[in-house]
Engineer: 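Okay, here's the structure, questions in a sec.
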Amino acid sequence: MNKFEKFLTDKLLPLSEKMQNNLVLGALSEGFIRTSPATIGSAFILIVANFPIPAWFELLQKTNLASSLGAVGNASIGIMGMLAVYNIAYAYGKRLHTNAQNSGLIALASYFILIPQQIVTHVEQNGKWVESAVNAVSFDYLGGQGIFIGMLVALLITKLYSILAARKFTIKLPDSVPPMVSESLAPTFIVTIIFLIVCGIRIAFSFTPFNDIFSFITEMISAPLNNLMANPLTMIFIQVLLCFLWFFGIHNAVLSGPLSAVTLTMITANIDAFTSGKTLPFAIAYMVYGVCGAAGNTMGLIINLMFAKSKRYKEMFKLGALPTVFNITEPLVFGLPIIMNPMYFFPMILSPLVSGLVSWGLMTTVLPITYNPTVENIPWTTPGFVKFALSGGWQFFLMYIITTAIVTLIWYPFVRVADKKELEIERNQTKQDVSV
């Protein structure tokens, strides 16, 4: 283990630091960290809104509190793509020594230009239901599904703004004009050029079968999943792919179409067979899918953070532990961050791969599980250990403990090295403060 930690310290940590010093990657990292107050602040309210007790759900519905509590999630995690655009553009603008606030605002406006701004609904006319287009923006594009496009928009628009500003495509106002007014009006020509380019991209995609750039990206990424068969190996592949994409900022919402088709097919077939007293066709496949976990199975990460020595990682444990238990991983993903952090790439990918293969092997040999698929209908915030115990008894609960222990060991050396580095930075900062 010491040799491996030395390898991480000598090889991977310098790579991580070099990537953080890169203008683009540094901006991405800072931008995602800047969104963490919204994700952390709403995580605890989301737990309250989705606490997995039926009586609590009924109470929230009867008192009309459910929609109000849900609005908190929509206004934070639900608009993560939009928040990422502004913050990444702002961080990148600072690094390019251009107006950071203008960069954020122009990138955000460009993002909205690309978003479909009509939603097709159905209204009743003369006793018949007909389609009607409503001017509105779907939360799908503002949240996880829009993060990847948001990253590209923030970086490309800010770079373009920086280039045009450097070439003096600005309005020169007299010195008597207040700086606040001058800074606001100066980039008028630049903004016009950028908006025309972005609008041209929107028009170009409107002539394609995809209609918009969001649908294009979704189709291109999800295409490999459309023809996958539901078996344990493909479930492991899907979870590894989700973690790989999530590391680069592509939320699993992008794959919601084909992924839902696969998982719902398995759930429905399993429940039908279960209620009919027949053999469940996808029992092992779906159990393996569940064991793999989400976002690199971050329960193992949380357990490691419990023993962190740096102040930063200790705080991340306090803020991320409870949400993670209830399957809300955004505070950790954006707070550490895990996204675009090379130190956490390998555990992010290895965790679902190893836990999936181990659970598959145990289920088919020494630890067979009698699976109850009807439990899959319980709320998504139900802690994993509770869900596993309800759906597969003590055997599935034991499986949860075994795989969590393995995942904890996978995360251990990476968190240990990163924590040591953070502790070193904090101690050096303390020494500087004392000397001053």
Side-chain angles (χ1 to χ4, degrees), residues 23-24 27-28 30-32 34-35 78-120 133-173 177-220 249-250 254:
L23 294 181
V24 172
L28 288 172
E30 180 184 341
F32 282 119
R34 284 179 174 275
T35 66
I79 59 169
M80 187 52 58
M82 187 178 79
L83 297 177
V85 171
Y86 179 84
N87 284 298
I88 292 171
Y90 184 92
Y92 194 35
K94 283 196 309 179
R95 284 164 168 76
L96 295 176
H97 304 293
T98 191
N99 190 303
Q101 186 162 341
N102 282 350
S103 299
L105 291 174
I106 296 168
L108 187 59
S110 300
Y111 179 67
F112 270 91
I113 291 173
L114 294 174
I115 290 177
Q117 297 177 13
Q118 283 190 332
I119 296 177
V120 177
V134 177
N135 292 327
V137 172
S138 171
F139 269 104
D140 292 342
Y141 304 111
L142 303 180
Q145 191 171 327
I147 289 179
F148 182 65
I149 298 294
M151 288 167 51
L152 296 179
V153 168
L155 295 173
L156 295 176
I157 294 301
T158 302
K159 183 65 176 178
L160 180 57
Y161 173 75
S162 173
I163 292 172
L164 294 176
R167 296 186 178 183
K168 307 300 181 183
F169 279 83
T170 55
I171 298 176
K172 184 64 176 177
L173 297 174
V177 177
M180 179 178 65
V181 177
S182 177
E183 290 178 3
S184 299
L185 296 179
T188 300
F189 292 151
I190 296 177
V191 176
T192 301
I193 294 171
I194 291 175
F195 283 179
L196 284 172
I197 293 173
V198 177
C199 185
I201 294 172
R202 177 190 173 96
I203 293 171
F205 273 98
S206 70
F207 288 104
T208 69
F210 306 102
N211 294 320
D212 60 82
I213 191 172
F214 291 87
S215 299
F216 169 75
I217 294 295
T218 299
E219 289 294 327
M220 290 299 99
I250 304 175
V254 173

Engineer: Is the side chain of Arg202 donor-acceptor paired with the backbone N or O of Asp212 at a distance under 3.5 Å, no angle test?
Structural biologist: no
Engineer: Could you go through Leu108 and Met82, starting from their C-alpha distance and side-chain angles, then the distance that decides it, and tell me whether this counts as side chain to side chain contact (heavy atoms under 4.5 Å, CB included)?
Structural biologist: CA-CA 7 Å; Leu108 187 59; Met82 187 178 79; 3.3 Å; yes
Engineer: Quick one, Ile157 and Ser103 - any side-chain contact, counting heavy atoms below 4.5 Å?
Structural biologist: no
Engineer: What do the steps show when you test Val137 against Ile119 for side chain to side chain contact (heavy atoms under 4.5 Å, CB included), and what is the final call?
Structural biologist: CA-CA 7 Å; Val137 172; Ile119 296 177; over 6 Å; no
Engineer: I'd like to know if the side chain of Ser162 and the backbone of Thr158 have a donor-acceptor N/O pair within less than 3.5 Å.
Structural biologist: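 Not a single qualifying donor-acceptor pair exists.
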Engineer: To the nearest 0.5 angstrom, please state how far the OH atom of Tyr90 sits from the CD atom of Gln101.
Structural biologist: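 The CD atom of Gln101 is 7.0 Å from OH of Tyr90, to the nearest 0.5 Å.
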Engineer: Do the side chains of Asn211 and Phe205 get nearer than 4.5 Å, heavy atoms only?
Structural biologist: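 Sidechains of Asn211 and Phe205: no contact.
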Engineer: Give the minimum heavy-atom separation between Asn99 and Asn102, together with the two atoms involved.
Structural biologist: OD1-N, 2.9 Å
Engineer: Show the numbers, then the answer: is there a side chain to side chain contact (heavy atoms under 4.5 Å, CB included) between Leu155 and Lys159?
Structural biologist: CA-CA 6 Å; Leu155 295 173; Lys159 183 65 176 178; over 6 Å; no
Engineer: Which distance, rounded to the nearest 0.5 Å, do you find between the OG of Ser110 and the OH of Tyr161?
Structural biologist: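 OH of Tyr161 is found 12.0 Å from OG of Ser110.
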Engineer: Indicate the atoms forming the closest heavy-atom contact of Thr35 with Asn87, along with that distance.
Structural biologist: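 Closest approach of Thr35 to Asn87: CG2-ND2, 3.6 Å.
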Engineer: At what distance, to the nearest 0.5 angstrom, does OH of Tyr86 lie from CZ of Arg34?
Structural biologist: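 Here the interatomic distance stands at 8.5 Å.
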Engineer: Considering non-hydrogen atoms only, spot the tightest contact between Ala89 and Gly104 and give its length.
Structural biologist: CB-CA, 3.7 Å
Engineer: Just verifying a value: how many Å separate Gln117 CD and Asn135 CG, rounded to the nearest 0.5 Å?
Structural biologist: 8.0 Å
Engineer: Within the 4.5 Å heavy-atom criterion, are Leu160 and Ile197 side-chain neighbours or not?
Structural biologist: yes
Engineer: Which residues pass the ring pair (Phe, Tyr, Trp, His ring centres under 6.0 Å) test with Phe210, sequence neighbours left out?
Structural biologist: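 Phe210 satisfies ring pair (Phe, Tyr, Trp, His ring centres under 6.0 Å) with Phe216 only.
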Engineer: Hey, what do you get for CD1 (Ile190) to CD1 (Ile106), rounding to the nearest 0.5 Å?
Structural biologist: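 Spacing of CD1 (Ile190) from CD1 (Ile106) equals 7.0 Å.
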Engineer: Can you find a heavy atom in the side chain of Phe32 that is under 4.5 Å from one in the side chain of Ile147?
Structural biologist: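 Answer yes - side chains close enough.
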Engineer: How close do Leu142 and Tyr111 get, counting heavy atoms only, and between which atoms?
Structural biologist: CA-OH, 3.9 Å
Engineer: In Å and rounded to the nearest 0.5 Å, what is the CG to SG distance from Leu114 to Cys199?
Structural biologist: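 Answer rounded to 0.5 Å: 9.5 Å.
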Engineer: Any idea which heavy atoms bring Thr98 and Ala165 closest together, and the distance?
Structural biologist: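 Residues Thr98 and Ala165, closest heavy atoms: OG1-CB, 4.4 Å.
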Engineer: So, Arg95 side chain and Ala91 main chain: donor-acceptor pair closer than 3.5 Å or not?
Structural biologist: yes
Engineer: Evaluate the side-chain proximity of Tyr92 to Glu30: yes if any heavy-atom separation is below 4.5 Å, no if none is.
Structural biologist: no
